[in-house]
Amino acid sequence: MLRVLSMVSGGGTNLQAIIDSVKNGMITNTELVGVISNNKNAYALTRAKENGIDAKCISPKDYESREVFNQELLKAVDAYEPDLIVLAGYLVVIPPEMIKKYKNRIINIHPSLIPSFCGTGYYGLKVHEAALARGVKVVGATVHFVDEGTDTGPIILQKAVEVQNGDTPEVLQRRVMEQAEWKILPRAIDLIANGKVEVEGHRTIVTE
């Protein structure tokens, strides 16, 4: 049984997709053991509690330095004994020591087809604003392993979504969530839970 810890900052729509997929059998061999947020007001914490999942807030604002916060965050993560950490809209930089300790055991969902519209400064609506400003015809989402860079780890799954005339960033964001994010993030977790993802160098081999 894969022990999954999710880390979130906001509403937790991707978290809800994971919860639903575990319940309906789309994700197998998996247990959601906890949710950590940096935001005490994150609705994701409510989603977790309503589904009987342990949830806690660990915020940089509550500690005298980022170093102390990083130590406390890692302690909290370790306490869950996770096999896989899922960043589902987590907007805090992951401590290097955590990335090292959980190498190829942290995954992230990003709302673009990496390497387009990714890296420092590209998150949330900013990704969709940039895509529309550039006039691309296809956008999408990517699930990837987390390494020391920003959105630079090995790619696991990607799914394309067409841009439509009249799209606003908000409309496009919702379509990417519905057609890509909420589908490939649960799928990636299920693949990992069943030993179907291998990392070789900077690439993954996925057996579906």
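Atoms considered below: every heavy atom in the structure, side chains included; atoms not considered: hydrogens, waters and symmetry mates.
Salt bridge present: Glu72 and Lys75 bring a charged side-chain N and a carboxylate O closer than 4.0 Å.
Residue Met98 places its CE atom among more than 12 non-hydrogen atoms of other residues, nucleotides or ligands, all under 6.0 Å distant. With a 6.0 Å radius and a threshold of 12 heavy atoms from other residues, nucleotides or ligands, Tyr123 has its OH atom at or below the threshold. Within a 6.0 Å radius of CD in Glu162, no more than 12 heavy atoms belonging to other residues, nucleotides or ligands are found.
Under a hydrophobic clustering in which Ile, Leu, Val, Met, Phe, Trp and Tyr are joined whenever their side-chain heavy atoms come within less than 4.5 Å, directly or via other members, Leu2 and Leu185 fall into the same cluster. Under a hydrophobic clustering in which Ile, Leu, Val, Met, Phe, Trp and Tyr are joined whenever their side-chain heavy atoms come within less than 4.5 Å, directly or via other members, Ile94 and Ile107 fall into different clusters. Tracing side-chain contacts under 4.5 Å through hydrophobic residues (I, L, V, M, F, W, Y), one never reaches Ile114 starting from Tyr122; they form parts of separate clusters. Under a hydrophobic-cluster definition in which Ile, Leu, Val, Met, Phe, Trp and Tyr are linked whenever side-chain heavy atoms come within less than 4.5 Å, directly or via other members, Ile109 and Ile27 are assigned to the same cluster. Cluster membership for Ile85 and Val199, using ILVMFWY side-chain heavy atoms within less than 4.5 angstrom, is not shared.
Side chains of Asp190 and Asn194: a donor-acceptor N/O pair is present below 3.5 angstrom, by distance only.
Nearest heavy-atom pair, Ile19 versus Leu32, reported as atom, atom and distance to 0.1 Å: CG1-CD1, 3.6 Å. Taking all atoms of both residues into account, the shortest heavy-atom contact from Ala188 to Val143 is CB-CG1, 3.7 Å. What you find for Pro82 and Arg105 is that their closest heavy atoms are O-NH2, 2.7 Å. Shortest non-hydrogen contact noted between Ala141 and Val176 is CB-CG1, 4.2 Å. Smallest separation of non-hydrogen atoms from Ala193 and Thr28: CB-O, 3.5 Å. The heavy-atom pair separating Val35 from Ala48 by the smallest distance is CG2-CB, 3.7 Å.
Side chain of His110 to main chain of Phe117: a donor-acceptor pair is present (N/O by atom type, distance under 3.5 Å, no hydrogens or angles). The backbone N or O of Pro96 sits nowhere less than 3.5 Å from a side-chain atom of Glu148 that would complete a donor-acceptor pair. Using modelled atom types, one side-chain atom of Thr204 and one backbone atom of Ile155 make a donor-acceptor pair closer than 3.5 Å.
Residue Ser112 holds its OG atom at 15.0 Å from NZ of Lys126, rounded to the nearest 0.5 Å. Taken from CE in Met177 to CZ in Arg174, the straight-line distance is 7.0 Å, to the nearest 0.5 Å. Atoms CZ and NE2, from Phe145 and His202 in turn, are 12.0 Å apart once rounded to the nearest 0.5 Å. Separating the CD1 atom in Ile189 from the CG atom in Asn29 is a distance of 12.5 Å, to the nearest 0.5 Å. In this structure, the separation between OH on Tyr43 and OG on Ser37 is 14.0 Å, given to the nearest 0.5 Å. Taking OH from Tyr102 and CG from Leu84, the interatomic distance works out to 11.0 Å, rounded to the nearest 0.5 Å.
Arg66 is listed as a side-chain neighbour of Pro60, based on a closest heavy-atom distance under 4.5 Å. For the pair Tyr63 and Ile58, the minimum side-chain heavy-atom distance is below 4.5 Å. In this structure, the side chains of Cys57 and Leu45 come closer than 4.5 Å at one or more pairs of heavy atoms. A 4.5 Å side-chain heavy-atom check between Lys23 and Asn51 finds at least one atom pair inside the cut-off. Using a 4.5 Å heavy-atom threshold, the side chains of Leu74 and Pro95 count as separate.
Of the options Asp147, Val77, Val146, a side chain to side chain contact (heavy atoms under 4.5 Å, CB included) to Ile106 is made by Val146 and by none of the others. Shown are Val161, Leu113, Val163; of these, the side chain to side chain contact (heavy atoms under 4.5 Å, CB included) with Val138 is made only by Leu113.
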Result block: side-chain N/O donor-acceptor pairs under 3.5 angstrom for residues 3-14, not counting sequence neighbours:
{"unit_1": "Arg3", "atom_1": "NE", "unit_2": "Tyr80", "atom_2": "O", "d": "3.3"}
{"unit_1": "Arg3", "atom_1": "NE", "unit_2": "Glu81", "atom_2": "O", "d": "3.0"}
{"unit_1": "Arg3", "atom_1": "NH2", "unit_2": "Tyr80", "atom_2": "O", "d": "2.7"}
{"unit_1": "Ser6", "atom_1": "OG", "unit_2": "Val86", "atom_2": "O", "d": "3.4"}
{"unit_1": "Ser9", "atom_1": "OG", "unit_2": "Asn38", "atom_2": "OD1", "d": "2.5"}
{"unit_1": "Ser9", "atom_1": "OG", "unit_2": "Leu91", "atom_2": "N", "d": "2.8"}
{"unit_1": "Asn14", "atom_1": "ND2", "unit_2": "Glu181", "atom_2": "OE1", "d": "2.9"}

Checking Val139 against His128 for the side-chain contact (heavy atoms from CB on, under 4.5 Å) test, could you report, in this order, the C-alpha distance in whole Å, the side-chain angles of both residues, the deciding distance, and whether it holds?
CA-CA 8 Å; Val139 291; His128 306 290; 5.6 Å; no

Intermediate values then yes/no, side-chain contact (heavy atoms from CB on, under 4.5 Å), Ile192 and Ile156:
CA-CA 10 Å; Ile192 291 168; Ile156 304 167; 4.3 Å; yes

